[in-house]
K.L.:
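Got a structure for you, written out below as structure tokens; questions coming shortly.
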Amino acid sequence: MKATVIATFFGVFLTCTYTAKEATKKTKKAKLYVPQIDCDVKAGKIINPEFIAKCPPGCQDVKYRVYGTDIYASFSSVCNAAIHSGIIDNTGGKILVQKVAGHSGYRGSFSNGVRSLSLPRWRESFLVSEGKPRKGVTYPTTLEYSSSKSTTVKSEPKKPEQDLKGMKSADTANTSEKALEQGDTVRKENQTTPVPTPATQMATTTPTPMTTTTDPSTTMPQPTKTPAATRTTAAAAKTRPGLHRVRDMGSSSVHPAYASVVAAAARQVQAAQGRGQNTAMETDSWKPGLSLFDTGFSSKEELNPKPLEPISQGNQNCKVDLSFLMDGSWSIGKRRFQLQKRFLGNVAQALGIGSAGPLMGIVQYGDDPSTEFNLKTYANSKDLRNAIEKIQQKGGLSNVGKALSFVNKNFFLDANGNRGGAPNVVVVMVDGWPTDRVEEASRLARESGINIFFVTVEAAAQSEKQNVIEPNFVDKAVCRTSGFYSINVPSWFSLHKVVQPLVKRVCDTDRLACSKTCLNSADIGFVIDGSSSVGTGNFRTVLQFVANISKEFEISDTDTRIGAVQYTYEQRLEFSFDKHSTKQDVLNAIKRISYWSGGTSTGAAISYASEQLFSKSKPNKRKIMILITDGRSYDDVSMPAMAAHQNGVIAYSIGVAWAAPDELEAIASDPAKEHSFFVDEFDNLYRYVNQLIQNICTEFNSQPRN
């Protein structure tokens, strides 16, 4: 009997143990399920702060760009970064990704067959390690993306506690959607009772934004206790008429008659809605789609909105991402503000807005700038023109520098519709002159890859020039003073005449590719072969080639700097980056280089240039080496070139006559075909001047920006 009881107990124990093990296996299987991502997925697109993912085979490709070493900018391909770091190889595999803070600089390097690029700064970073879960961390089976769609991955059935965690994650992801719904509710409440506007008649429909991610600061009204009429008076009191005149006193936005009309309209709204709302008429707090001045709506129309215009492909010959800085200062006056809006609407029509063509957003500036709508809000010219008509004047001073800084940091983001491959363009509208400094803000914007145009109207009169803070501000702000990047209009009433000229310039992407966005951003070191096979006459031709390239760049202590090394068996520093600070000084220094003659030790010359030139390059500058040689080197070039690449030097090789193609490719940065050139004789070097500059600029414009 005792033996039977023991046997029975032992059998039950084994059964329970087996069942527990099976349950544990199932639980572990559910926890370890890993979602798969594509090779082109960037870490910044994934919302989850930490996740395990599976990379497919074939991610080791130059088109999947990587920025940094060990710590990577979130603009990098997750899977190719994992290959670069050695966590996986080109066959794919599981990886663990952890988001960390942004860095002020990322160093490029060549590792595990992947060339990573350098980047001055980025807002977010990530680390990648072996795909093993950390103790105490629960990893998602479905990754959440920053775009409107998320990647859905089939997973094993989850236990109730896992479902609860998933619900919490979903609640977090839907925060922005709830904000949008809340914004729609506010819009419907505030548009129930239309109010006539004292300004020009607005359009009768409000286009629905194309975006699914909205910045609350640009869509939600900010409540305040200050009535519109009171604030208008206060704002007028803040301005300094002696410094910045009001051009249109008879129809200014601060005219008492206009203020009384606004106040009367406010009282009508309060009476109609049956509640006192001092904020109802605070028009400068409202953005497109929220303004109570929109007319032509009825409750029935709100419940049955008109269908949107179909998505337009747009003018595909003008693919640019464009931001207009709209002058909303008090000095412009109400009438001229309307002329400005008409001008912007005509530009939008002439551009041919569309998803495959130009996209356009508007930032209005006064005391402080704010985004009226971003690049992806409107996808056709008609909706864009209607939205422009609804913009209300902000008032304040003409703080152009502050507005440029705002655009540089906030406007051209992926979340706002920036497409990356399209040039970023800012057109600044200025009535008279700025009330702050623009030079520094413009320089930083250009170094971030933004092409800046200025449209100035009615410049300061002779008696007012003493009040101008920064004389010749346009020349200091734009890329070049040739007149391409600036248009001066004598009167707001003749502004319509420059619509077509401006559109033509903005759409000239070949000119935009080499604006000061790339021409002021580098330390360029020329490494020149002075061997005996070159000869005196050909050496002068090489120097002319060097001069022709140099003169295309904007040269100064703060812009592009030029240095030069000549080599034979030995090396000689002709001049360093900090030696000459003007273009003419650089060109004169190039002319003075004397021919050396001797052997050809190209590898030693690359090492010398790395130590003597590029080790002293500025941290925020791209390091570009342009090497010209006419023969095969007596020493190895691959190891010195690789060391230079790992230190962030972008190398271009120019071969003439007997230069060895394999050495040219070894010297050049990846991809070698875009960084190496060959001509059969020295007199044909000139053919590659424009191509070389265009490649330098195209590479610069393809880099991401914060």
Side-chain angles (χ1 to χ4, degrees), residues 194-207 228 232 235-236 239 244-262 264-265 281-296 324-351 360-366 369-370 372-373 378 381-398 400 403 427-432 455-458 487 489-499 502-503:
V195 180
T197 174
T200 55
Q201 185 70 19
M202 302 300 179
T204 59
T205 60
T206 303
T232 302
T239 60
H244 207 207
R245 71 189 185 283
V246 176
R247 299 183 180 280
D248 194 7
M249 292 297 294
S251 58
S252 171
S253 297
V254 295
H255 196 283
Y258 177 74
S260 64
V261 173
V262 172
M281 296 310 298
E282 292 174 3
T283 58
D284 62 349
S285 295
W286 298 85
K287 301 297 179 278
L290 294 176
S291 177
L292 290 171
F293 286 140
D294 298 346
T295 60
F324 266 88
L325 286 188
M326 184 181 191
D327 191 342
S329 63
W330 292 131
S331 68
I332 192 174
K334 186 180 72 173
R335 187 178 183 188
R336 288 170 172 81
F337 188 76
Q338 294 297 327
L339 291 173
Q340 182 179 208
K341 291 200 297 184
R342 187 183 306 168
F343 171 72
L344 294 179
N346 291 339
V347 170
Q349 184 65 40
L351 281 169
M360 178 174 160
I362 289 182
V363 171
Q364 185 182 172
Y365 70 90
S370 62
E372 297 291 346
F373 40 82
Y378 299 103
S381 296
K382 182 179 179 181
D383 287 348
L384 182 56
R385 294 188 73 177
N386 289 340
I388 290 170
E389 280 299 310
K390 297 181 186 336
I391 295 175
Q392 301 294 325
Q393 187 174 4
K394 288 174 60 68
L397 300 175
S398 297
V400 177
V427 178
V428 185
M429 305 289 297
V430 183
D431 172 62
V455 178
T456 54
V457 190
E458 298 185 14
I487 298 177
V489 186
S491 167
W492 284 98
F493 299 95
S494 57
L495 194 59
H496 64 279
K497 297 179 181 179
V498 302
V499 170
L502 178 62
V503 168

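The structure displayed is predicted, hence computed values, not measured ones.
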K.L.:
About how many Å separate CH2 of Trp492 and CD1 of Ile332, when rounded to the nearest 0.5 Å?
P.N.:
3.5 Å

K.L.:
Can you name the closest pair of heavy atoms from Gly328 and Gln393 and give their distance?
P.N.:
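Minimum heavy-atom separation between Gly328 and Gln393: O-CG, 3.4 Å.
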
K.L.:
Any non-hydrogen side-chain atom of Phe493 less than 4.5 Å from a side-chain atom of Arg335?
P.N.:
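Side-chain contact under 4.5 Å: yes.
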
K.L.:
For Gln364, enumerate each residue passing the side chain to side chain donor-acceptor pair (under 3.5 Å) test, keeping only those at least two apart in sequence or located in another chain.
P.N.:
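In terms of side chain to side chain donor-acceptor pair (under 3.5 Å), with neighbours along the sequence ignored, Gln364 is linked to Glu372.
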
K.L.:
Nearest 0.5 Å, what's the CG-CG distance between Leu344 and Leu339?
P.N.:
11.0 Å

K.L.:
Tell me, with the steps shown, if Met326 and Phe343 meet side-chain contact (heavy atoms from CB on, under 4.5 Å).
P.N.:
CA-CA 11 Å; Met326 184 181 191; Phe343 171 72; over 6 Å; no

K.L.:
Could you check whether any side-chain heavy atom of Ile391 comes within less than 4.5 Å of a side-chain heavy atom of Phe373, counting everything from C-beta outward?
P.N.:
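Ile391 vs Phe373: side chains touch.
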
K.L.:
Contact between Leu495 and Val457 at the side-chain level, heavy atoms closer than 4.5 Å - yes or no?
P.N.:
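Result yes, sub-4.5 Å side-chain heavy-atom pair found.
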
K.L.:
How long is the span from the CE atom in Met429 to the CZ atom in Phe324, to the nearest 0.5 Å?
P.N.:
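Between Met429 CE and Phe324 CZ, I get 7.0 Å after rounding to 0.5 Å.
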
K.L.:
Less than 4.5 Å apart, side chain to side chain, heavy atoms only: is that true for Leu384 and Gln349?
P.N.:
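No, side chains not in contact.
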
K.L.:
When rounded to the nearest 0.5 angstrom, what distance separates OG in Ser331 from CZ in Arg336?
P.N.:
10.0 Å

K.L.:
Answer whether the closest heavy-atom distance between the side chains of Val430 and Tyr365 falls below 4.5 Å.
P.N.:
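SC-SC contact between Val430 and Tyr365 confirmed.
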
K.L.:
Which residues satisfy the side-chain contact (heavy atoms from CB on, under 4.5 Å) test with Ser494, sequence neighbours excluded?
P.N.:
Val489, Pro490, Ser491, Lys497

K.L.:
Could you check whether any side-chain heavy atom of Tyr378 comes within less than 4.5 Å of a side-chain heavy atom of Asn386, counting everything from C-beta outward?
P.N.:
no

K.L.:
With distance as the sole test, does Gln340 use its side chain to make a donor-acceptor pair with the main-chain N or O of Asp327 at under 3.5 Å?
P.N.:
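Yes; at least one donor-acceptor contact below 3.5 Å.
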
K.L.:
So, taking the atom named NZ in Lys390 and the one named CD in Gln392, what distance separates them when rounded to the nearest 0.5 Å?
P.N.:
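Here the rounded value is 10.0 Å.
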
K.L.:
Let me confirm one number: the CD1-CZ distance from Ile388 to Arg342, rounded to the nearest 0.5 Å.
P.N.:
13.0 Å

